[in-house]
Student: 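If you scroll down you'll find the structure; I have some questions about it.
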Amino acid sequence: MNLVELKSVTFGYNDEPVIEDVNLAIREGDFIGMIGPNGGGKSTIIRIIMGLIKPWKGQVMINKNVNIGYLPQTHNFDNRFPISVLEVVLSGLLKLHGITTRVTKEDRKVAMEVLEKVGMADFANRSIGELSGGQMQRVFIGRALISNPQLLILDEPVTYVDNRFEQELYNLLDRISLETSILLVSHDVGQIVSSVRTIACVNRHLHYHPSNQITKEILESYNCPIDLITHGHVPHRVLPTHHS
């Protein structure tokens with residue numbers, strides 16, 4: 001079953017297209033890695049799926065039963081605000097219950113189960129400002145998961161994660177993908193190919209690949225050079241011939 005489908009979608013700014021004639025279907029069980037150069041249109045596609053912007057043309061079809069969890073690239077969050085880890089996760093219920101609804105014991109139970117899933121249950125009563133970047137990303141993933149989404153969209157989730165937590169975060173996403181469809185957006189080609197099942201390469205146009213293998217077509221869709229890809233379990237740097 002398709003959860004989300006884009007058909008011939010075009011959008012841009014100041015009469016200049018950012019994405020053009022994009023087609024993409026996200027299905028149950030998908031773990032899609034969306035890669036591409038900065039400015040290639042990855043975040044624009046996410047904003048269209050989330051309903052934050054409307055395309056110039058084309059169709060955006062969201063299954064009416066689909067709940068989407070979203071981890072944005074940047075968080076408008078003041079670390080000095082006196083709020084606990086548990087309260088941050090509970091805030092993910094606002095879109096379902098509304099801001100005036102009181103938090104129930106069942107809500108707190110579910111929030112603790114989510115914190116257990118993301119490895120942050122021991123930090124439930126800790127202030128969010130006391131966490132590291134990697135710990136904070138785990139909490140924000142928990143906030144996106146508490147509404148039990150069928151699709152989880154993550155925009156550059158390792159932006160604020162140090163090297164110590166990066167692999168742990170991808171391992172967490174591997175486990176989540178067993179029960180939730182994931183669209184993972186990243187410019188880090190080498191890391192995500194070891195986790196995702198399929199690849200959508202975006203550079204104004206979108207090229208979908210039904211596997212996680214890096215191909216010549218993907219390389220050509222970038223304005224070379226490609227910095228890093230993965231071959232088996234060993235990362236290699238690839239600097240193809242190009243003109244500066």
Side-chain angles (χ1 to χ4, degrees), residues 1-6 24-35 42-43 45-52 60-73 75 85-86 88-97 106-121 123-124 134-161 165-186 188 191-200 202 208-212:
M1 179 182 73
N2 286 348
L3 304 177
V4 174
E5 187 172 6
L6 307 184
L24 176 67
I26 305 174
R27 303 175 178 86
E28 287 183 315
D30 275 349
F31 190 170
I32 301 174
M34 184 176 289
I35 61 176
K42 303 186 300 295
S43 293
I45 290 174
I46 288 181
R47 295 182 69 196
I48 288 173
I49 292 174
M50 295 300 300
L52 301 176
V60 181
M61 292 165 284
I62 311 292
N63 189 298
K64 64 179 181 180
N65 297 317
V66 170
N67 177 24
I68 300 177
Y70 177 45
L71 181 71
Q73 184 173 351
H75 304 291
V85 165
L86 181 62
V88 171
V89 173
L90 284 167
S91 70
L93 293 173
L94 294 179
K95 68 177 182 178
L96 294 181
H97 301 330
E106 182 61 27
D107 290 336
R108 291 181 179 274
K109 178 183 177 182
V110 173
M112 286 303 301
E113 291 172 352
V114 169
L115 284 173
E116 186 71 38
K117 179 182 292 188
V118 299
M120 292 296 294
F123 295 80
Q135 291 169 333
M136 196 170 296
Q137 282 296 76
R138 286 174 175 267
V139 173
F140 286 127
I141 290 174
R143 183 176 66 173
L145 288 174
I146 194 173
S147 60
N148 194 28
Q150 289 77 38
L151 172 62
L152 179 62
I153 298 178
L154 305 107
D155 192 358
E156 303 283 2
V158 299
T159 300
Y160 302 103
V161 176
F165 278 96
E166 184 172 340
Q167 187 57 55
E168 292 182 18
L169 186 58
Y170 281 112
N171 291 340
L172 170 62
L173 296 180
D174 286 340
R175 295 193 296 273
I176 292 172
S177 72
L178 298 177
E179 53 190 42
T180 305
S181 299
I182 295 179
L183 175 62
L184 170 61
V185 177
S186 179
D188 186 354
Q191 184 61 55
I192 71 167
V193 294
S194 61
S195 297
V196 302
R197 300 181 189 120
T198 59
I199 292 174
V202 180
Y208 181 77
H209 307 270
S211 75
N212 63 353

Student: Compare all side-chain heavy atoms of I68 with those of L3 and state whether any distance is below 4.5 angstrom.
Tutor: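 Side-chain contact under 4.5 Å: no.
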
Student: Are side-chain heavy atoms of I182 and V196 found at a separation under 4.5 Å?
Tutor: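 Sidechains of V196 and I182: no contact.
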
Student: Check G69 against P149 and note the closest heavy-atom contact, atom names and distance.
Tutor: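 So the minimum-distance heavy-atom pair works out to N-CB, 3.3 Å.
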
Student: If we only count heavy atoms from C-beta on, is the I35 to I199 side-chain gap below 4.5 Å?
Tutor: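 Counting from C-beta outward, I35 and I199 do come under 4.5 Å.
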
Student: Any chance you could measure M120, atom CE, to L86, atom CG, to the nearest 0.5 Å?
Tutor: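 Answer for the CE-CG pair, M120 versus L86, is 11.5 Å.
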
Student: If we only count heavy atoms from C-beta on, is the F140 to V89 side-chain gap below 4.5 Å?
Tutor: no

Student: Could you check R197 against S211 for side chain to side chain donor-acceptor pair (under 3.5 Å), going step by step and ending with a plain yes or no?
Tutor: CA-CA 6 Å; R197 300 181 189 120; S211 75; over 6 Å; no

Student: Between I49 and I26, does a side-chain contact (heavy atoms from CB on, under 4.5 Å) hold up when you go through it step by step?
Tutor: CA-CA 11 Å; I49 292 174; I26 305 174; 4.2 Å; yes

Student: When L90 is tested against each of L93, L94, V88 for side-chain contact (heavy atoms from CB on, under 4.5 Å), which residue passes?
Tutor: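 So, applying the side-chain contact (heavy atoms from CB on, under 4.5 Å) to L90 and each of L93, L94, V88, only L93 qualifies.
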
Student: Any sub-3.5 Å donor-acceptor pair from N67's side-chain atoms to L151's backbone N or O?
Tutor: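 Looks like no, no N/O pair under 3.5 Å.
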
Student: Could you tell me the separation between the CD1 atom of I32 and the OG atom of S177, rounded to the nearest 0.5 Å?
Tutor: 12.0 Å

Student: Taking V118's backbone N and O only, do any of them form a donor-acceptor pair with R138's side chain (distance below 3.5 Å, no angle check)?
Tutor: yes

Student: Using atom types as modelled and distance alone, determine if a side-chain donor or acceptor of Q137 lies under 3.5 Å from a backbone N or O of P157.
Tutor: yes

Student: Going through the distances and angles, do N63 and M1 end up as a side-chain contact (heavy atoms from CB on, under 4.5 Å)?
Tutor: CA-CA 9 Å; N63 189 298; M1 179 182 73; 3.3 Å; yes

Student: What distance separates M61 CE from N2 CG, expressed to the nearest 0.5 Å?
Tutor: 8.0 Å

Student: Nearest 0.5 angstrom please: L184 CG to L154 CG, how far?
Tutor: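 Between L184 CG and L154 CG, I get 6.0 Å after rounding to 0.5 Å.
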
Student: Give me the atom names and distance for the closest heavy-atom approach of A124 to L115.
Tutor: CB-CD1, 3.9 Å

Student: Run the salt-bridge test on K117 and E179 with the 4.0 Å N-O cut-off and return the result as yes or no.
Tutor: yes

Student: Can you tell me how far OH of Y70 sits from CG of L183, rounded to the nearest 0.5 angstrom?
Tutor: 10.5 Å

Student: Take a 6.0 Å sphere around CD of E113 and say whether it holds more than 12 heavy atoms from other residues, nucleotides or ligands.
Tutor: yes

Student: Have D30 and T198 got a donor and an acceptor in their side chains that come within less than 3.5 Å?
Tutor: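 Not at all, the side chains of D30 and T198 share no donor-acceptor pair under 3.5 Å.
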
Student: Has the side chain of E116 got a donor or acceptor atom that lies under 3.5 Å from a matching backbone atom of A121?
Tutor: no

Student: Please report the closest heavy-atom contact between A144 and L152, naming both atoms and the distance.
Tutor: CB-CD1, 3.7 Å

Student: Any idea which heavy atoms bring L6 and I45 closest together, and the distance?
Tutor: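 Heavy-atom minimum between the residues: CD1-CG2, 3.9 Å.
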
Student: Out of curiosity, L172 CG to I176 CD1, how far, rounded to the nearest 0.5 Å?
Tutor: 4.0 Å

Student: When you look at R27 and E5, which way does the salt bridge (Lys or Arg N to Asp or Glu O under 4.0 Å) test go after all the steps?
Tutor: CA-CA 9 Å; R27 303 175 178 86; E5 187 172 6; over 6 Å; no

Student: Start with the C-alpha distance between L71 and D155, add both sets of side-chain angles, then the distance that settles side-chain contact (heavy atoms from CB on, under 4.5 Å), and finish with yes or no.
Tutor: CA-CA 6 Å; L71 181 71; D155 192 358; over 6 Å; no

Student: Is any side-chain heavy atom of I141 less than 4.5 Å from a side-chain heavy atom of L169?
Tutor: yes

Student: For a 4.5 angstrom cut-off between non-hydrogen side-chain atoms, does K109 reach E106?
Tutor: yes

Student: Using a 4.5 Å cut-off on heavy atoms from C-beta on, say whether the side chain of M34 contacts that of S186.
Tutor: no

